[in-house]
Amino acid sequence: MPAARYHHLTALALARALWAGGQERDGLRARAEYALGQAPSWLPSLLAELHPVSEATWERQSVEDLAGRIERTHAFANAFRLTRPPIVRRWILRPSRMHRPPLGLDDLALPQLPHSAAVADWLGITTDDLDWFTHDRRHQVPLHAQHYGFTLQPKRSGGGRLIESPRSRLKALQGRVLHGLLDRVPVHEACHGFVGGRSVLTHARLHAGQPVLLHFDLKNFFGSILASQVAAVFHTLGYPGGVARQLAALCTVRTPGPVIERLRDDGWVDWQDARALRRAHLPQGAPSSPMLANLCAFQLDLRLDGLAHVLGATYSRYADDLVLSGPQSLRGSFERIAAWVGRIALEEGYALNHRKTRLATQAAAQRVCGVVVNRHPNLQRREFDRLRAVLHQCALHGPASQNRDGHADFRAHLWGRVQWATQLNAAKAERLHALWARIGWDAAPPRLAG
């Protein structure tokens, strides 16, 4: 065995022994001596070089981190120059347990999942089922046996998107992860998508009445978030590395080869997107993906919010939609700001869709996720006119004549559009309600919660 490899394995075994308990000097020395089968003369010097760290740091460090610290000590290097170099004779393994989450997140009451058996029990499945749902080779099975269904959805702007929807059993497990764990974790204040109490409307309101509005769009938002980033989120929340990787595997997918080839044949993805799909990523269609995407984007939101603060601007994000708004000075610095935003996005693992980067002033319509914000949040004129025309035709010829997209519940769909228009402009929406009242429905209008 090469000397470097032997040194590393020895440091790793010694780290496991030290990490199995607290960092009191007597306890560290006793566990090290037990693992080595002797009390070597260099051990006190080694422990002195490691010197105590804070309890939080000791709890959060991994075995690999501690092994690296050991290898960098002079005492450990000198030990291999002795006549009898260190030999680990016994292994001491620390019981699986969670570590402390970051300051401010220690009162979230997250489920305690220190090992795989606890994860399976919490999900209500067997450990064999958990292995099947998280196996790294599952993307290689035939399409009909996959845990996901794959749908190609055309975009209005051209091309299309891949919807990777988990089948019912996996979807239920991902829902458990979402509602039993992820929903308890706060996201950045600038994040408004898929968060309770926030919406497209709260996203738009932040930018109403601003002289200048800058809009940026992230390319392939869900597909660019890899399983390693998702695992890092779970690990940050206190879960051991193995558990974090299992939870990440449960919530990510590798797109099967035949699906990728179909996308490429149809010209819907380039080689970069195809490469991203081959790696385990967040599926657009899983119930857990939006919240995980928000948590993975925390650092992105933090940095862009900081940039906005320096510029005297306001920043917010709804999924892949990034908006900065503020004074006229933003207009003259647009290209420089766009370069900053693009660089920050790249450093955080994302890429801007430069075709959708734009600047809007009060001289033209300023829109945030389709909401006009020049003075206050308002419905686009053409959207209002289109909706009014649909309602008018429904009143004249019946609702079935206008359900051109084949909505299963066209009445509820149309009522949702009317309610959305009402939130944005109650005065104009009165005309829509008058038209609605003329439509021959079989029952009263559906009631919306709240």
Novice: Do the side chain of Glu164 and the main chain of Gly285 share a donor and acceptor less than 3.5 angstrom apart?
Specialist: no
Novice: Scan for ring-ring contact (aromatic ring centres under 6.0 Å, His included) pairs involving residues 235-257, sequence neighbours excluded, and state none if there are none.
Specialist: His99-His235
Novice: Is Ile260 close to Asp273 at the side-chain level, that is, under 4.5 Å between some pair of heavy atoms?
Specialist: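 No, their side chains stay 4.5 Å or more apart.
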Novice: Ignoring hydrogens and geometry, is there a side-chain-to-backbone donor-acceptor pair from Trp420 to Leu379 under 3.5 Å?
Specialist: no
Novice: Assess the residue pair Val323 and Arg317 against the criterion (side chain to side chain contact (heavy atoms under 4.5 Å, CB included)); give the C-alpha distance rounded to whole Å, side-chain angles, the decisive distance to 0.1 Å, and a yes or no.
Specialist: CA-CA 6 Å; Val323 179; Arg317 177 179 62 83; over 6 Å; no
Novice: Could you name each residue pair satisfying side-chain hydrogen bond (donor to acceptor under 3.5 Å, both in side chains) that touches residues 185-199, not counting sequence neighbours?
Specialist: His192-Thr202
Novice: Would you check if the side chain of Arg358 reaches a backbone N or O of His215 as a donor-acceptor pair within less than 3.5 Å?
Specialist: no
Novice: Output, in order, the C-alpha distance, side-chain angles, deciding distance and verdict of side chain to side chain contact (heavy atoms under 4.5 Å, CB included) for Phe216 and His354.
Specialist: CA-CA 8 Å; Phe216 306 92; His354 295 288; over 6 Å; no
Novice: Looking at Arg72 and Glu49, is there a salt bridge between them, counting it only when a charged N and a carboxylate O are closer than 4.0 Å?
Specialist: no
Novice: Can a donor-acceptor pair be found, under 3.5 Å and without considering hydrogens, that links the side chain of Arg176 to the backbone of Trp122?
Specialist: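 Checked: pair present.
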Novice: Counting N and O atoms only, with roles assigned by atom type, does the side chain of Gln23 sit under 3.5 Å from a partner on the main chain of Leu18, one being a donor and the other an acceptor?
Specialist: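 Checked: no pair found.
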Novice: Taking Asn374 for the side chain and Ala364 for the main chain, is one N or O donor matched with an acceptor at less than 3.5 Å?
Specialist: yes
Novice: Run the side-chain contact (heavy atoms from CB on, under 4.5 Å) test against Ala79 and tell me which residues pass, sequence neighbours left out.
Specialist: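 Partners of Ala79 by the side-chain contact (heavy atoms from CB on, under 4.5 Å) criterion, ordered by chain and then number, come out as Trp42, Pro86.
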Novice: The criterion is side-chain contact (heavy atoms from CB on, under 4.5 Å); which residues satisfy it with Leu152, sequence neighbours excluded?
Specialist: Leu162, Arg262, Leu263, Asp266, Trp268
Novice: Below 4.5 Å, heavy atoms only, C-beta onward: do Thr314 and Leu324 meet side chain to side chain?
Specialist: no
Novice: Quick one: does Glu71's side chain have a donor or acceptor within less than 3.5 Å of a partner on Gly68's backbone?
Specialist: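 No, because the side chain of Glu71 does not come within donor-acceptor range (under 3.5 Å) of the backbone of Gly68.
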Novice: Considering only heavy atoms from C-beta outward, does the side chain of Ser316 approach that of His207 to under 4.5 Å?
Specialist: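 Yes - at least one pair of side-chain heavy atoms lies under 4.5 Å apart.
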Novice: Taking Arg169 first and then Asp129, would you say they form a salt bridge - that is, a charged N and a carboxylate O separated by under 4.0 Å?
Specialist: yes
Novice: Do Leu237 and Met98 have side chains that approach each other closer than 4.5 Å (heavy atoms only, starting at C-beta)?
Specialist: no
Novice: Checking the side chain of Asp65 only, and the main-chain atoms of Ser62 only, is there a donor and an acceptor separated by less than 3.5 Å?
Specialist: yes
Novice: Between His281 (side chain only) and Arg279 (backbone N and O only), is there a donor and an acceptor less than 3.5 Å apart?
Specialist: yes
Novice: Return each pair, listed once, that meets salt bridge (charged side-chain N to carboxylate O under 4.0 Å, His left out) where at least one residue sits in residues 212-221; pairs must be two or more places apart or across chains.
Specialist: Lys219-Asp270
Novice: Taking C-beta and beyond as the side chain, do Phe194 and Pro287 meet within less than 4.5 Å on heavy atoms?
Specialist: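 No, side chains not in contact.
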Novice: Once side-chain contact (heavy atoms from CB on, under 4.5 Å) is applied, do any residues pair with Ala293, and if so which ones, sequence neighbours excluded?
Specialist: Phe221, Phe222, Ile225, Leu282
Novice: Is the shortest side-chain heavy-atom distance between Thr73 and Phe76 below 4.5 Å?
Specialist: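 A side-chain contact exists here, since the closest heavy-atom pair is under 4.5 Å.
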Novice: State whether Tyr148 and Arg167 meet the cation-pi test: NZ (Lys) or CZ (Arg) under 6.0 Å from the six-membered ring centroid, and within 45° of the perpendicular axis.
Specialist: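 No, Arg167 does not lie over the aromatic ring of Tyr148.
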Novice: For Tyr34, does its backbone N or O pair with a side-chain atom of Arg90 as donor and acceptor, under 3.5 Å?
Specialist: yes
